[in-house]
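In what follows, every chain begins at residue 1, and chains take the letters A, B, ... in the order their sequences are listed. Only this structure's heavy atoms are used, side chains among them; waters, hydrogens and symmetry mates stay out.
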Amino acid sequence: MSGATRLPRAWFAHHALEVAPALVGVLLERTAPDGTLLRARITETEAYTEDDPACHAHRRRTPRNEPLFGPPGHAYVYRTYGIHWCLNVATGPDGEAQGVLVRAAEPLAGLAVLRARRGQRTPDRDLLRGPGRLTQALEVHGEHTGADLCGQDPPVVLRDDGARPAVARGPRVGVSRAADWPWRFTAVGSRFVSPYTRSPRAPRAAEGSAAGEQPS
DNA sequence: GTTGCGATTGGCT
DNA sequence: GCCAATCGCAACC
């Protein structure tokens, strides 16, 4: 993997709907405290923007969602359900709230470390399949929010090794608002992708009415 | 100051 | 398939 190049900040300066599918297939690297290199290939992402009711920055700018408004290439890590951390990368121009949630990845290196953190009996398939599992295995947490992933010594490194998997598009997982917007991107045929689940709180799509607005 | 709830997961029926 | 766990945030009083 020595030919893999780090993604420059400009790579993230585009709209979340462009960056999200492009991130599928990108390498995610993190160095464990003992020096072990942890490497995975992203298999699933979701896009979020300020205009999007499901986005944390939809209502207003707050200390919590500040990284989403900041310059692209920075991490936005938040806690959900009081238990899990979720990793996003800010995209779009500085001042505009956009981001891409990294939902799942296929583990490639450092499996023993990942397994130690996730449970020795965890199947390889489940090591990084899901946003909460991924952050647990990679030890990404709240202290990393705001970190510049394109800067020096970032907690997580993103690289392009030229892989260009086919990408499918569909509705996002678990969101209660804008549940039908097809802003989730997955690697076609990958086993390391979470199954689609609709939020129990999401209103059922109104059939044949104008209520079901779905931006492209 | 209080309350309701979520971009999830894992365990149990 | 159903449901509890668990807590920071933001809406509301």
Please say whether more than 12 non-hydrogen atoms of neighbouring residues, nucleotides or ligands are located less than 6.0 Å from CD in A:Glu143.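 Result for CD/A:Glu143: open.
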Heavy atoms of other groups near A:Asp34 CG, more than 12 under 6.0 Å: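 Check passes, neighbour count above 12.
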Side chain of [X] (C-beta onward), nearest among [options]:
X: A:Val175; options: B:dA7, B:dT9, C:dA5; value: B:dA7
X: A:Ile83; options: B:dT9, C:dT6, B:dA7; value: C:dT6
X: A:Arg133; options: B:dA7, C:dA5, B:dG10; value: B:dG10

Using both distances under 3.5 Å as the test, list the Watson-Crick or G-U wobble partner of B:dA7, or none.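 Partner of B:dA7: none found under 3.5 Å.
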Tell me the partner of C:dT6, counting only Watson-Crick (N1-N3 plus N6-O4 or O6-N4) or G-U wobble (N1-O2 and O6-N3) with both under 3.5 Å; none if nothing fits.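 Answer to the pairing question: none, since C:dT6 forms no Watson-Crick or G-U pair.
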Calculate the interatomic distance between [X] atom [atom1] and [N] atom [atom2]; express it in whole Å.
X: A:Glu46; N: B:dT8; atom1: CD; atom2: P; answer: 7 Å
X: A:Arg125; N: B:dG10; atom1: CZ; atom2: P; answer: 13 Å
X: A:His58; N: B:dA7; atom1: NE2; atom2: P; answer: 13 Å
X: A:Trp85; N: C:dC7; atom1: CH2; atom2: P; answer: 11 Å
X: A:Tyr78; N: B:dA7; atom1: OH; atom2: C1'; answer: 3 Å
X: A:Leu127; N: B:dT8; atom1: CG; atom2: C1'; answer: 17 Å
X: A:His141; N: C:dC7; atom1: NE2; atom2: C1'; answer: 17 Å
X: A:His84; N: C:dT6; atom1: NE2; atom2: P; answer: 11 Å

Side-chain atoms of residues 68-85 of chain A: list all donor-acceptor pairs with protein atoms under 3.5 Å, sequence neighbours left out, distances to 0.1 Å.
| residue | atom | partner | partner atom | Å |
| --- | --- | --- | --- | --- |
| A:His74 | ND1 | A:Gly146 | O | 3.0 |
| A:Tyr76 | OH | A:His56 | ND1 | 2.7 |
| A:Arg79 | NH1 | A:Ile83 | O | 3.4 |

Would A:Asn65 and A:Thr62 count as a side-chain hydrogen bond (donor to acceptor under 3.5 Å, both in side chains) if you check the C-alpha gap in whole Å, the side-chain angles of each, and the deciding distance to 0.1 Å? CA-CA 5 Å; A:Asn65 62 35; A:Thr62 68; 3.3 Å; yes
Under the criterion side-chain hydrogen bond (donor to acceptor under 3.5 Å, both in side chains), I'd like the reasoning laid out for A:Gln98 against A:Thr91: C-alpha separation, chi angles, the key distance, then a yes or no. CA-CA 5 Å; A:Gln98 294 183 10; A:Thr91 69; 3.1 Å; yes
I'd like the C1' distance from C:dC3 over to B:dC5, given in whole Å.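 Each nucleotide's C1' atom is 16 Å from the other's.
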Cut-off 3.5 Å, side chains only: do A:Gln136 and A:Arg118 have a donor facing an acceptor?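 On atom types as modelled, these side chains qualify, holding a pair under 3.5 Å.
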Determine, for nucleotides 8-13 of chain C in 5'-to-3' order, which nucleotides have protein heavy atoms under 4.0 Å from the base (write B), from only the sugar-phosphate (write S), or from neither (write -). -SSS--
For side-chain hydrogen bond (donor to acceptor under 3.5 Å, both in side chains), just list the numbers for A:Glu106 and A:Ser190, CA-CA rounded to whole Å, side-chain angles, deciding distance to a tenth of an Å, and then say yes or no. CA-CA 8 Å; A:Glu106 172 178 357; A:Ser190 174; 4.9 Å; no
Using a 4.0 Å heavy-atom cut-off across all strands, classify A:Arg118 as base, sugar-phosphate, or nothing.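 Here A:Arg118 touches the backbone only, sparing every base.
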Taking the nucleotide of DNA chain B with the closest heavy atom to each, which residue, A:Gln136 or A:Arg177, is nearer the 5' end?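 Its nucleotide being nearer the 5' end, the pick is A:Arg177.
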